[in-house]
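To keep things clear, I will list the structure first and then write my remarks on it.
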Amino acid sequence: QVQLVESGGGLAQAGDSLRLSCAASGLTFSTYVMGWFRQAPGKEREFVAEISRSGGSAYYADSVKGRFTISRDNAKNTVYLQMNSLKPEDTAVYYCAAGRVVFPRATMNGYDYWGQGTQVTVSS
């Protein structure tokens with residue numbers, strides 16, 4: 001049974017930093033591209049970042065490029081999202097996902113497994 005469990009969300013002020021983690025189990029972690037997506041109230045879920053199987057390459061949405069960094073530790077079956085210079089428009093539920101997709105993908109299509117999400121709220 002595959003499980004993806006996000007943690008690290010919470011309340012932040014504009015300009016603050018948060019680090020999200022996603023612990024995976026029940027899958028061969030290193031064979032999956034890992035992605036972060038987010039969904040704000042009343043909006044569709046959108047791509048944030050994804051990282052290749054080895055961790056050597058990453059791809060970002062323009063809205064977070066230069067502020068967010070995705071990384072992974074295949075020994076710990078964990079993917080991270082370091083979020084710096086947070087803005088109120090970053091407020092959303094953040095989801096991690098695992099997929100055997102061609103990297104980069106940058107869409108939800110092809111991602112097989114999803115976490116339950118963690119709330120990030122950024123106040124101005």
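Any value given below was found using the heavy atoms of this structure, including those in side chains, with hydrogens, waters and symmetry copies removed.
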- Task: Before accepting this row, confirm whether a basic side-chain N of the pair D90/K87 lies closer than 4.0 Å to the acidic partner's carboxylate O.
- Result: no

- Contact summary for F37 and A97, nearest pair of heavy atoms: CE1-CB, 4.1 Å

- Can you label the angle between the Y59 ring and the F47 ring as parallel, tilted or perpendicular, going by 30° and 60°? tilted

- Task: Give the minimum heavy-atom separation between A98 and L4, together with the two atoms involved.
- Result: N-CD1, 3.8 Å

- Item | Those residues that, when tested against R72, pass salt bridge (Lys or Arg N to Asp or Glu O under 4.0 Å) (two or more places apart) | none

- Has the side chain of Y60 got a donor or acceptor atom that lies under 3.5 Å from a matching backbone atom of I70? yes

- Please tell me if the side chains of N74 and M34 come closer than 4.5 Å, counting only heavy atoms from C-beta onward. no

- If you group Ile, Leu, Val, Met, Phe, Trp and Tyr by side-chain heavy-atom gaps below 4.5 Å, do Y113 and V93 land in one group? no

- Item | Cluster check Y94, V64: I/L/V/M/F/W/Y, side chain < 4.5 angstrom | yes

- State, yes or no, whether a side-chain contact exists between E46 and R38 at a heavy-atom distance under 4.5 Å. yes

- Task: Supply the atom-to-atom distance T69 OG1 to R19 CZ, rounded to the nearest 0.5 angstrom.
- Result: 10.5 Å

- Message: Classify the ring geometry of W114 against Y95: parallel below 30°, tilted from 30° to 60°, perpendicular beyond 60°.
- Response: perpendicular

- Query: Is D16 reaching over with its side chain to a backbone N or O of M83, donor-acceptor style, under 3.5 angstrom?
  - Reply: no

- Message: Keeping T28 on the side-chain end and S30 on the backbone end, is there a donor-acceptor pair under 3.5 Å?
- Response: no

- Item | Closest heavy-atom pair and its distance - L18, G10 | CD1-O, 4.1 Å

- Can you tell if the side chain of V79 reaches within under 4.5 Å of the side chain of L20, non-hydrogen atoms only? no

- Kindly give the heavy-atom pair with the smallest separation between S124 and P88, and that separation in Å. CB-CG, 3.8 Å

- Message: Restricting to non-hydrogen atoms, name the atom on I51 and the atom on F103 that form the minimum distance, rounded to 0.1 Å.
- Response: C-CE1, 3.8 Å

- Task: Given side-chain contact (heavy atoms from CB on, under 4.5 Å), test S17 with Q82 step by step and report yes or no.
- Result: CA-CA 7 Å; S17 297; Q82 177 66 43; 3.8 Å; yes

- Message: Hydrophobic cluster membership, with links at side-chain heavy-atom distances under 4.5 Å among I/L/V/M/F/W/Y: are V2 and M108 in one?
- Response: no

- Task: First locate atom CG of L81, then atom OG1 of T118, and finally report the distance between them rounded to the nearest 0.5 Å.
- Result: 11.0 Å

- Pair R105 + E50: basic N to acidic O under 4.0 Å: no

- Query: According to a 4.5 Å side-chain heavy-atom criterion applied to Ile, Leu, Val, Met, Phe, Trp and Tyr, with indirect links allowed, do V33 and F68 form part of one hydrophobic cluster?
  - Reply: no

- Message: When you measure from the side chain of E6 to the backbone of C96, do you find a donor-acceptor pair of N or O atoms at a distance under 3.5 Å?
- Response: yes

- Message: We want to know whether T31 and R100 form a side-chain donor-acceptor pair, criterion being a heavy-atom distance below 3.5 angstrom.
- Response: yes

- All side-chain contact (heavy atoms from CB on, under 4.5 Å) counterparts of S21, not counting sequence neighbours: S7, T78, Y80

- Query: Can you find a pair of side-chain heavy atoms, one from T91 and one from V120, that are under 4.5 Å apart?
  - Reply: no

